*Asks:* 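Once you've had a glance at the structure underneath, I'll fire off some questions.
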Amino acid sequence: MIQAARFYCTGTPDYGALEEQMAHTPGITGVAVDRRTAGVTVGWEDTAVTPQRIELMLNALGYRKCRSI
């Protein structure tokens, strides 16, 4: 099942690092970056990657979850 969540950057966003990390993570189905708000929406296949792993990766990049979609 496809899941999605919205995250916001709590510091200075590094979009290159974000895109690199997401591109190399199996199970990620989509990443939509909103540079105006420093937010990102991530979609994933829950049989391939856990939401906890995605949240930990994004937390390491300075993003915090604001809501599931």
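Everything numeric in this text was worked out from a predicted model, so none of it was measured. The first residue in the sequence is number 1, and the count goes up from there.
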*Asks:* To the nearest 0.5 Å, tell me how far Leu58 CG sits from Cys9 SG.
*Replies:* 10.0 Å
*Asks:* Measure the spacing between CE of Met22 and CD1 of Ile28 and express it to the nearest 0.5 Å.
*Replies:* 5.0 Å
*Asks:* Rounded to the nearest 0.5 Å, what's the gap from OH on Tyr63 to CG on Leu18? Could you check?
*Replies:* 4.5 Å
*Asks:* For the backbone of Gly62 and the side chain of Thr10, can you confirm whether one donor and one acceptor N or O come within less than 3.5 Å of each other?
*Replies:* yes
*Asks:* Write down the atom of Gly27, the atom of Ala48, and the distance for their closest heavy-atom approach.
*Replies:* CA-CB, 3.6 Å
*Asks:* Is the charged tip of Arg35 near the ring of Tyr15: under 6.0 Å from the six-membered ring centre and within 45° of its axis?
*Replies:* yes
*Asks:* Contact between Thr50 and Gln3 at the side-chain level, heavy atoms closer than 4.5 Å - yes or no?
*Replies:* no
*Asks:* Taking the side chain as every heavy atom from C-beta outward, state whether Trp44 and Pro51 have any atom pair closer than 4.5 Å.
*Replies:* yes
*Asks:* On a heavy-atom basis, which atom in Gly39 and which in Tyr8 lie closest, and how many Å separate them?
*Replies:* CA-CD2, 3.6 Å
*Asks:* Given the rule in the side-chain contact (heavy atoms from CB on, under 4.5 Å) test, do Glu45 and Ile2 qualify, once you have shown the distances and angles that lead to the verdict?
*Replies:* CA-CA 5 Å; Glu45 175 59 52; Ile2 302 295; 3.3 Å; yes
*Asks:* Please determine whether side-chain contact (heavy atoms from CB on, under 4.5 Å) holds for the pair Arg64 and Glu55, giving the CA-CA distance in whole Å, both sets of side-chain angles, and the decisive distance to 0.1 Å.
*Replies:* CA-CA 8 Å; Arg64 297 295 176 257; Glu55 192 163 352; over 6 Å; no
*Asks:* Can you find a heavy atom in the side chain of Val31 that is under 4.5 Å from one in the side chain of Glu19?
*Replies:* no
*Asks:* Report yes if some heavy atom in the side chain of Val49 is under 4.5 Å from a heavy atom in the side chain of Thr25; otherwise report no.
*Replies:* yes
*Asks:* Let me confirm one number: the CD-CG distance from Glu20 to Leu61, rounded to the nearest 0.5 Å.
*Replies:* 11.0 Å
*Asks:* Hey, are Arg6 and Thr41 close enough side-chain-wise for a donor-acceptor pair under 3.5 Å?
*Replies:* yes
